[in-house]
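Report on the structure given below.
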Amino acid sequence: MQVGIDKIGFYTPNKYVDMIDLANARNQDPNKFLIGIGQEKMTVADETQDAVSMGINATLDFVDEIDKDKVGLMIFGTESSVDQSKSASLFVKTALNLRPEVRTFEVKEACFGLTAALMMATDFVRLHPEQTAIVIGSDIARYGLNTGGEVTQGAGSISMLVKADPSILALNEGHSAYSDDINDFWRPNNSKTAMVDGKYSTQVYLDFFTKTFEDYKKQKNLKTEDFDALIYHLPFTKMGLKANRLAIADESEVVSEKLSKTFEASKKLSVNVGNVYTASLYLSLLSLLQNGELAPNDLIGLFSYGSGAMAEFFTGNVVEGFKQQLHPDKVQARLDARTKLTIPEYETIFTQSLADPVEGKELSSDEQAGVWYFAGVKNGVRLYKQK
Ligand code: HMG
């Protein structure tokens, strides 16, 4: 029996900053951001979008197409949590009318969170093939104004349905994992923005990629040429490009060209959204599925990295007819519907969104009809509403 990804939903908020504007405002050469970092736009979340609302919106993309009575598990991976105790997934359950019998909780290990959820969900469905699982990754990457990491911010969510006999990607059993207790990137409870040792984090990312990729190939007796695509967690797209360069360094021209082409297809969405932490690898997957020239059964290698640090390499095979499950026009429409912010507007919104919500103050959203948003706090309880 095959188990894997059957549906993918995506949401990113309705505002963005253009990297050329940001470079000019920060006295940087725009090519540093466009080429050196590999980003063109970054989504900005205002105070009405948080991990919960974005997760609801991503799941809304497919929830009406599934049998809700079969959902036995829902896991929410995030490092932008809104509560130290209550899981973000419970708000999603209520908003989307999922049944009370669902087992649901939140997980955390930086950007690895959604992969952790996906792995647990896959094991769950292997044991309970008549049930399905929803896994959600939802995050806002915030480093702060005028910081080195500012150009690598972003916001968004990916939600996936995991099922037996999946329609998009059948996940293969086995994986290569690697972890170490290090301080490359972290966010203590008393800080709304991340702390980071930027250059070190990029070195660890590449080191963990090499370790897990080589180990996986050894375990499965595979060669790099056997992969039809390699995709990566993309904190900024140049990071994935560097990993991909390592992967193809000793390969023939044909293999290098094939894997460079698929990498280009996989980065198209991230270039325009920015880092979405837990959801980032799966945004690469969505981008590859939409833009790559994939054939049924093609082998995709996925590299997941979460600072702190935990990495995993695993694979899946593309399922025949996967394109029918995708909605590229809807994804593009969402990106196109974003409003471009001036840098002063972005700075105001960014600062506002760092502030704690004011008790009793109702927030309104400028999103399209149907979008869920954070509406404020009443008696200490967070309220979510649909526009
Ligand atoms: P920086 O110091 O601003 O940039 O920091 P730089 O000076 O290293 O330049 C970046 C690149 O631009 C260099 O290329 C320059 O040569 C090039 P590279 O050597 O890397 O190939 N450059 C130019 N190119 C063309 N034209 C020009 C030009 N000028 C310079 N004119 C850094 C960059 C990424 C460190 C910073 O933005 C940062 O700290 N970001 C946040 C940390 C991060 O994203 N780390 C990634 C790995 S860790 C991870 O993925 C986990 C994470 O997602 C969190 C989680 O797990 O939850 C972050």
Side-chain angles (χ1 to χ4, degrees), residues 17 19-20 22-40 42-43 51 77-81 107-117 137-158 177-188 191-210 212 231-246 249 267 270-271 273-284 302-313:
V17 164
M19 286 304 141
I20 298 177
L22 187 65
N24 289 333
R26 303 294 180 245
N27 294 320
Q28 299 282 340
D29 180 347
N31 280 338
K32 175 177 174 184
F33 289 4
L34 298 174
I35 301 165
I37 297 288
Q39 292 302 128
E40 290 175 11
M42 69 182 190
T43 292
T78 185
E79 51 182 304
S80 314
S81 202
V107 294
K108 178 184 69 186
E109 178 9 57
C111 300
F112 179 73
L114 181 50
T115 301
S138 186
D139 274 302
I140 303 173
R142 288 190 181 107
Y143 291 87
L145 304 176
N146 271 302
T147 60
E150 184 178 29
V151 60
T152 64
Q153 298 179 139
S157 175
I158 289 276
Y178 194 87
S179 60
D180 198 1
D181 173 11
I182 58 156
N183 300 308
D184 63 329
F185 166 105
W186 66 105
R187 187 168 70 80
S191 177
K192 299 248 169 90
T193 51
M195 301 192 169
V196 64
D197 188 342
K199 296 268 159 49
Y200 176 52
S201 72
T202 64
Q203 287 160 11
V204 182
Y205 175 113
L206 293 176
D207 179 37
F208 280 27
F209 168 66
T210 306
T212 54
I231 60 171
Y232 306 87
H233 163 57
L234 293 179
F236 52 97
T237 67
K238 178 73 166 291
M239 188 73 254
L241 179 66
K242 286 186 181 187
N244 204 50
R245 280 182 184 154
L246 285 180
K267 73 172 201 188
S270 294
V271 160
V273 172
N275 194 355
V276 284
Y277 289 161
T278 48
S280 169
L281 169 62
Y282 303 92
L283 191 59
S284 310
L302 299 93
F303 175 64
S304 180
Y305 179 82
S307 283
M310 168 76 220
E312 193 157 321
F313 187 91

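Just so you know, ligand 1 is whichever comes first in the structure, and atom 1 is the first atom listed for that ligand. As the structure is a computational prediction, the values presented were derived from the model and not from experiment.
Annotation: atom 38 (C) of ligand 1 to nearest protein heavy atom, Gly149 CA, 3.8 Å. Counting protein heavy atoms only, atom 15 (C) of ligand 1 is closest to Gly36 CA, 4.8 Å. The protein non-hydrogen atom at the shortest distance from atom 14 (O) of ligand 1 is Lys238 NZ, 3.3 Å. Atom 23 (C) of ligand 1 has Lys32 CA, 3.7 Å as its closest protein atom, hydrogens excluded (heavy atom only). Closest protein heavy atom to atom 51 (C) of ligand 1: Ser307 OG, 3.2 Å. Annotation: atom 25 (C) of ligand 1 to nearest protein heavy atom, Asn31 O, 3.4 Å. At the top of the distance list for atom 8 (O) of ligand 1, counting protein heavy atoms only, stands Lys199 CE, 3.0 Å.
Within the 3.5 Å criterion, the main-chain N or O of Ile20 finds no donor-acceptor partner in the side chain of Glu40. Formation of a donor-acceptor pair under 3.5 Å by the Gln39 side chain with backbone atoms of Ser270 is found in this model.
Distance check for atom 32 (C) of ligand 1: every protein heavy atom is found at 4.0 Å or beyond.
Looking at Asn275 against ligand 1, only its side chain comes within 4.0 Å, counting heavy atoms. At a heavy-atom cutoff of 4.0 Å, ligand 1 is contacted by the side chain of Val196 but not by its backbone. Contacts between Phe112 and ligand 1, counted as non-hydrogen atom pairs separated by less than 4.0 Å, are absent for every part of the residue.
Across Ala23, Gly148, Gly113, Ala309, heavy-atom proximity to atom 36 (C) of ligand 1 is greatest for Gly148. Summarising the contacts of atom 49 (C) of ligand 1 with Tyr305, Phe185, Tyr200, Tyr143, the nearest heavy atom is found in Tyr305. Comparing Ser201, Ala311, Ser280 by heavy-atom distance to atom 43 (C) of ligand 1, the nearest is Ser201. The heavy atom nearest to atom 55 (C) of ligand 1, out of those in Gly198, Gly240, Cys111, is found in Cys111.
Thr278 and Asp139 form a side-chain donor-acceptor contact under 3.5 Å, judged by distance and modelled atom types alone. Thr115 and Tyr282 are linked by a side-chain donor-acceptor pair at a separation below 3.5 angstrom, with hydrogens and angles left out of the test.
For the pair Gln28 and ligand 1, no heavy-atom separation below 4.0 Å is found. Between Glu150 and ligand 1 there is no heavy-atom distance shorter than 4.0 Å.
For the pair Tyr277 and ligand 1, the shortest N or O to N or O distance does not fall below 3.5 Å. For ligand 1, the polar-atom distance check against Thr202 finds no nitrogen or oxygen pair separated by under 3.5 Å.
In this structure, Phe185 has its ring center under 6.0 Å from that of Tyr277. The ring of Tyr232 has its center no closer than 6.0 angstrom to the ring center of Tyr205.
If you number the atoms of ligand 1 from 1 as listed, the ones under 4.0 Å from a heavy atom of Asp29 come out as 31 (N).
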